Amino acid sequence: MKLLSRKASCNSHGQDSSYFAGWEEYEKNPYDDVKNPKGIIQMGLAENQLSFDLLESWLAKNPDAAGFKRNGESIFRELALFQDYHGLPAFKNALGEFMAEIRGNKVSFDSNKLVLTAGATSANETLIFCLANPGEAFLLPTPYYPGFDRDLKWRTEVEIVPIQCTSSNGFRITKSALEEAYQQAQNRNLKVKGVLVTNPSNPLGISLSRHELNLLLSFIAAKGIHLISDEIYSGTVFNSPGFVSIMEVLMNKKYVNSPVWDRVHIVYSLSKDLGLPGFRVGAIYSNDKMVVDAATKMSSFGLVSSQTQYLLSAMLSDKKFTKNYVTENHKRLKQRHAMLIRGLKNAGIPCLESNAGLFCWVDMRHLLSSKTFEAEMELWKKIVYQVGLNISPGSSCHCVEPGWFRMCFANMSEQTLDLAMQRIKSFVNSISYSNNLSPNQQHSNKSSRRKSFSKWVFGLSFHDRESER
């Protein structure tokens, strides 16, 4: 161990979170309708698989792009040879126009202010490297994406200070919560360098209101700090209110060419809106030339391949395709979201009212044995091991209230989602039945249920079960 660096041997990656633990259990026993019908259904992965047919149809109609050809002639050699880290101009232009289209063309994006990165993970980390030093802090509203503990902290050594949001107002950001987080950082002798928000929110599935965006801009103006708006779910808003980008609010004459103008930065990606996480396409947009220059240099550690840029520049330049894709994708997300809501409601489980994202923020507080995070983990383990669903517990998202869970709906077929809803309803019914029994009957019923668990539950190794306790 002494031969390794401090970074290699430290345990600050966040991999021990229940968020990642659920994935590990799924990978040991993945559901398959034919090969493993009793396996765990993956509902912890925010992936958009609803519109792949539209992408595949475009590829079939545009063989030159997929075959790395231009006007029928191969450009493989051109794409395979060295490219600098500024990216292909055609792709950056097409990406900027697609970002504007998703935002209703209410704002435009200058391709010279775009920095390409290998996904949003790289974009967020690169921005943190540009804006903060080790030991400084960023404020994040809770609940937030569990991966941020890795993306923002692990290599940068920057601290996250939570902005505590609660269900009392639908987890909305308030001025008092911002001020309390800032004060908490000062109490810990941490210099605050900025605020990072996801809009729409992961895991809440709600877009930030114009009021919240104005509040954030006023706050960073008063404190002299930065704002990062992670907008990778901007194209998933399927219900009103519509999406409002921080750039749209920033265009207000109050902020144009003000000091705040250079302190607002946007992160974007094609992983969610276009459903292409494996292509590793992310971007940073900033009005600050020094940030753009520094981030561009850092991007050499995580570039987007020229082949990927060429293919996607052709796809995103096809305005007929992008218009149809955005419209149809919204329609399909809305339908699938409604299916999840109906299934949960049928099981007596409410959700936070949402209008965006690939998931719902599910309220299972009434199923807890007590109002504690220990009870939340107990419930989560039952849902993973007994019900066979991998969902993300609110505590992994740093939610301050036990009993909330994130449940994804766009990474599976309708049939699989229907089965997941059947499983959760049966589980809730079994809890209700047990609660109506006498203490002696409950003890007998628990023993009976324990014996009837699916074989795959007991197939987990003793070591695995012990490590989860």
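Remember, it's a predicted structure, so these values are computed and weren't measured experimentally.
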### Task
Answer whether the closest heavy-atom distance between the side chains of Pro30 and Gln42 falls below 4.5 Å.
no

### Query
In terms of ring plane angle, is the pair Phe148 and Tyr145 parallel, tilted or perpendicular, where the classes change at 30° and 60°?
perpendicular

#### Entry: Ile75 CD1 to Asn71 CG distance, which is reported to the nearest 0.5 Å
9.5 Å

### Query
Measuring from Asp288:CG to Asp262:CG, what's the distance to the nearest 0.5 Å?
4.5 Å

### Task
Evaluate the side-chain proximity of Lys153 to Val158: yes if any heavy-atom separation is below 4.5 Å, no if none is.
no

### Message
Using a 3.5 Å distance criterion without hydrogens, assess whether the side chain of Asn355 forms a donor-acceptor pair with backbone atoms of Ser207.
### Response
yes

### Message
Please tell me whether Asn287 and Arg263 have a donor and an acceptor in their side chains that are separated by less than 3.5 angstrom.
### Response
no

### Message
Checking Phe321 against Leu55 for the side chain to side chain contact (heavy atoms under 4.5 Å, CB included) test, could you report, in this order, the C-alpha distance in whole Å, the side-chain angles of both residues, the deciding distance, and whether it holds?
### Response
CA-CA 9 Å; Phe321 164 77; Leu55 301 173; 3.7 Å; yes

### Message
Do Ser271 and Val281 have side chains that approach each other closer than 4.5 Å (heavy atoms only, starting at C-beta)?
### Response
no

### Message
Test salt bridge (Lys or Arg N to Asp or Glu O under 4.0 Å) on Arg70 and Glu73; report intermediate values, then the result.
### Response
CA-CA 5 Å; Arg70 184 187 297 127; Glu73 297 292 327; over 6 Å; no

### Query
Is it the case that Thr416 and Asp33 place a side-chain donor and acceptor less than 3.5 Å from each other?
no

### Task
Please determine, by modelled atom types, if Asp149 and Tyr144 share a side-chain donor-acceptor pair under 3.5 angstrom.
yes

### Message
Keeping Thr236 on the side-chain end and Gly357 on the backbone end, is there a donor-acceptor pair under 3.5 Å?
### Response
yes

### Query
Which is it for Arg172 and Glu212 under the salt bridge (Lys or Arg N to Asp or Glu O under 4.0 Å) test, yes or no, and what are the steps along the way?
CA-CA 8 Å; Arg172 291 293 178 176; Glu212 288 173 290; 2.7 Å; yes

### Query
Cation-pi between Arg188 and Tyr182: NZ/CZ under 6.0 Å from ring centre and within 45° of the ring axis?
no

### Message
Which heavy atom of Tyr255 sits nearest to which heavy atom of Val249, and what is that distance?
### Response
CD1-O, 4.0 Å

### Task
Indicate yes or no for a side-chain donor-acceptor contact from Ser299 to the backbone of Thr296 under 3.5 Å, with no hydrogens or angles considered.
yes

#### Entry: Geometric class of the His265/His226 ring pair [parallel <30°, tilted 30-60°, perpendicular >60°]
tilted

### Query
What do the steps show when you test Lys7 against Glu157 for salt bridge (Lys or Arg N to Asp or Glu O under 4.0 Å), and what is the final call?
CA-CA 10 Å; Lys7 186 66 63 185; Glu157 298 185 11; 3.2 Å; yes

### Query
Please walk me through it: do Trp404 and Phe171 pass ring-ring contact (aromatic ring centres under 6.0 Å, His included)?
CA-CA 12 Å; Trp404 292 89; Phe171 296 96; 5.2 Å; yes

### Task
Taking all non-hydrogen atoms of both residues into account, name the closest pair between Phe359 and Gly205 and its distance.
CE1-N, 3.7 Å

### Task
Say whether, by atom type as modelled, one donor and one acceptor occur between the side chain of Thr308 and the main chain of Val304 under 3.5 angstrom.
no

### Message
Between Glu97 and Asn93, do the side chains contain a donor N or O and an acceptor N or O under 3.5 Å apart?
### Response
no

### Task
Look at the aromatic rings of Phe68 and Phe76 and report parallel, tilted or perpendicular, splitting at 30° and 60°.
tilted

### Query
Between the side chains of Asn48 and Asp273, is a donor N or O closer than 3.5 angstrom to an acceptor N or O?
no

### Task
Look at the rings of Phe238 and Phe409 and say which category their plane angle falls in: under 30° parallel, 30 to 60° tilted, over 60° perpendicular.
perpendicular

### Polar contact flag, side-chain donor to acceptor under 3.5 angstrom, Glu328-Ser51
no

### Task
State, to 0.1 Å, how close Arg423 and Gly39 come at their nearest heavy-atom pair, and which atoms those are.
NH1-O, 2.9 Å

#### Entry: Test item: side-chain donor near acceptor, Ser245 and Glu231, under 3.5 Å
yes

